[in-house]
Amino acid sequence: MAELFLLSSNSQLQEELLSVVKAIKGYVLNQESLAVGLEWGKKSPLSPPIENLTGNKEVELEKVYQEMKTCHLCPLGKTRRNLVFGAGNPSARIVFVGEAPGADEDEQGLPFVGRAGQLLTKIIEAMGLKRKDVYICNILKCRPPGNRNPLPNEIGLCEPFLKKQLQIISPQVICALGTFAAQTLLKTDIPITMLRGRFHSYEGIKLMPTYHPAYLLRNPSAKKLVWEDVQMIIREVPV
Ligand code: SF4
């Protein structure tokens, strides 16, 4: 009996050790990918340049919008009320990227206009900026029913539109809001708690992951950590 208990403890221990090793391996690989080939200011060779860039970012963003405004690539095209492309300054130095539109955003066709959006506005204003100074968008452009989490196939189909937006705007800093935005952009499954608090690199652009404003509404004590993160952004992009 004692042996059986010992056996099960050992296998449990082995499983735990394996998951720790996997987590460390993922973390190290992520660090290596940041160090190798993704230095600040260098565009990833994986990013094909957008053709026919006019040099006018507003015009280029409008082209992307026109290309996708009736998108039905994934099933969310059927259930959305409005596609939420993104809003703000096409030449913004800071771009905030969230997860997906919620009910209010779906209703109005604008990003971050609900309660979480109002909190994001407060954060932006506390940074000494206005919403019109930055650009705000999401990984997914259409609302997942019932605000469920985005599915991998939806992310895979929608992400190219975001890539084009970011390539056109070419900001100095991207602030990824929440787990999905951070993990999707950084191609990692490292939890947001470990990702936040330091800059990463997305296609040569500095990326700061932080908590989603909706999370802050449920966990106000995390506001302090978000403030620390956005202060690092302010230092990087003085207003
Ligand atoms: S979520 Fe993205 S890929 Fe899916 S229908 Fe909307 S715009 Fe198209």
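One-based numbering, in listed order, for ligands and for the atoms of each.
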Using ring centroids (six-membered ring only for Trp), state whether Phe96 and His212 fall under 6.0 Å.
no
Leu76-Leu151 co-clustered via ILVMFWY side chain contacts under 4.5 Å:
no
Of Glu159, Glu62, Glu67, the residue whose pairing with Lys164 passes salt bridge (Lys or Arg N to Asp or Glu O under 4.0 Å)
Glu67
Heavy atom of Met68 under 4.0 Å from ligand 1?
yes
Strictly under 2.8 Å, is any N, O or S atom of Cys158 next to atom 4 (Fe) of ligand 1?
no
Write out the residue and atom name of the closest protein heavy atom to atom 8 (Fe) of ligand 1, then the distance separating them to 0.1 Å.
Cys71 SG, 2.2 Å
In ligand 1, which numbered atoms sit nearer than 4.0 Å to a non-hydrogen atom of Gly77?
5 (S)
Verify, without hydrogens or angle tests, whether Arg93 (side chain) and Pro238 (backbone) share a donor-acceptor contact under 3.5 angstrom.
yes
shortest atom 6 (Fe) of ligand 1-to-protein heavy-atom contact is with Cys142 SG, 2.3 Å
Of all the non-hydrogen atoms in the protein, which one sits nearest to atom 4 (Fe) of ligand 1, and at what distance?
Cys74 SG, 2.3 Å
Would you say Asn89's side chain and Tyr135's backbone share a donor-acceptor pair under 3.5 angstrom?
no
